[in-house]
Amino acid sequence: NFLSLALGRYLSIAIGAVVIVLMGRALTVADYGRFFAALAAAELFAAVLDLGLNRILLKEGSAARERTGAHLFNILLIKAGLTVLMLAAMQVYASHQGPLYALVMLLAWTKVADNFAITFDAVFQIHQRMEYSAIILVFSRLVLLAVVLLGWRDQAQLLYFAWAYLGVSM
């Protein structure tokens, strides 16, 4: 379990580094900066979505596996409420970003999808099925790499990459 999870994460990091380099080659310097500034803002606002809930799910689900479904339901309900708050805050932030509004909101939705995926990943960890987590992680990074390669080849614009991130997160 540990080996498959560690290997999957290291492979994912390596693929992510290639994705960042390809995006740097595909976008102008200004667009590259805009993309990662918007991504950083989305990450900052997305911190509200977790609040330690995934750790609670892991702890409580591991202690009583038969209650994992109930814990998952409660945490998803809390996260749904936090998502509404986060997206409202991102909406206010994005409305001040002018032409970058769509970029900021796409990346906000990407962070929401990522956060819910991490919550469901915790269920695999509770049932000690780390290989599924590793396979899903590497597969999603490979899909992102393929889509970014297409964008790089076709000299895609800024929003293409935001849509790519959102699509892979879903």
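Note that this is a predicted model, so its numbers are computed, not measured.
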| task | Report yes or no: do F139 and L11 belong to one cluster of Ile/Leu/Val/Met/Phe/Trp/Tyr joined by side chain heavy-atom distances under 4.5 Å? | result | yes
| request: Give a yes or no on whether R65 atom CZ has more than 12 heavy-atom contacts from other residues, nucleotides or ligands under 6.0 Å away. | output: yes
| Would a distance-only check, ignoring hydrogens and angles, find a side-chain to backbone donor-acceptor pair under 3.5 Å from S62 to K59? | no
| task | Group every Ile, Leu, Val, Met, Phe, Trp and Tyr by side-chain heavy-atom contacts under 4.5 Å, then state whether V21 and L158 land in the same group. | result | no
| field | Point-to-point distance, once rounded to the nearest 0.5 Å, from CD of E60 to CD1 of I126 | value | 9.5 Å
| task | Locate the shortest heavy-atom distance separating T110 from A162; write the atom from each residue and the value. | result | OG1-O, 4.2 Å
| request: Say whether Y165 and L150 are linked into one hydrophobic cluster, either directly or through other cluster members, by side-chain heavy-atom distances under 4.5 angstrom. | output: yes
| remark: In V138, I15, V168, the residue satisfying side-chain contact (heavy atoms from CB on, under 4.5 Å) with V143 is V168
| said: Less than 6.0 angstrom separating the ring centers of Y32 and F36, yes or no? | reply: yes
| Near Q91 CD, under 6.0 Å, is it more than 12 heavy atoms from other residues, nucleotides or ligands? | yes
| NE2-CG distance between H71 and L53, expressed to the nearest 0.5 angstrom | 13.0 Å
| message | So, taking the atom named CG in D50 and the one named CD1 in I75, what distance separates them when rounded to the nearest 0.5 Å? | response | 9.0 Å
| Stepwise, does the side chain to side chain contact (heavy atoms under 4.5 Å, CB included) test hold for M23 with I20? | CA-CA 5 Å; M23 285 179 61; I20 289 171; 5.8 Å; no
| query | About how many Å separate CD of Q155 and CG of L27, when rounded to the nearest 0.5 Å? | reply | 11.0 Å
| message | With clusters defined by side-chain heavy atoms of hydrophobic residues (ILVMFWY) lying less than 4.5 Å apart, directly or transitively, does I118 cluster with L107? | response | no
| remark: dist D154:CG -> L149:CG (nearest 0.5 Å) comes out at 10.5 Å
| message | In the structure I gave you, are the side-chain heavy atoms of N115 and L82 within less than 4.5 Å of one another anywhere? | response | no
| remark: Scanning both residues in full, the closest heavy-atom pair of D114 with S169 reads OD1-OG, 2.7 Å
| message | Could you check, using the six-membered ring where one of them is a Trp, whether F45 and Y93 have ring centers closer than 6.0 angstrom? | response | yes
| request: Would you name the heavy atoms of V19 and L144 that are closest together and state the gap between them? | output: CG1-CD2, 4.1 Å
| field | Shared hydrophobic cluster for I135 and L145 (ILVMFWY, side-chain gaps under 4.5 Å) | value | no
| said: Are the side chains of L76 and F120 in contact, using a 4.5 Å heavy-atom criterion? | reply: yes
| task | Please name the pair of heavy atoms, one in T119 and one in L57, separated by the smallest distance, quoted to 0.1 Å. | result | O-CD2, 3.6 Å
| query | Atom CZ in R141, atom CZ in R9: separation rounded to 0.5 Å? | reply | 11.0 Å
| Could you walk me through whether K79 and N54 pass the side chain to side chain contact (heavy atoms under 4.5 Å, CB included) check? | CA-CA 10 Å; K79 282 191 175 214; N54 292 331; 3.1 Å; yes
| field | Where A122 and L58 come nearest, the two heavy atoms and their spacing | value | O-CD2, 3.6 Å
| side chain to side chain contact (heavy atoms under 4.5 Å, CB included) evaluation trace for F161 with D31 | CA-CA 11 Å; F161 295 102; D31 281 348; over 6 Å; no
| field | Nearest heavy-atom neighbours spanning M86 and K111 | value | CE-CB, 4.4 Å
| task | Test side chain to side chain contact (heavy atoms under 4.5 Å, CB included) on L49 and F116 and set out the steps. | result | CA-CA 9 Å; L49 295 179; F116 277 89; 5.6 Å; no
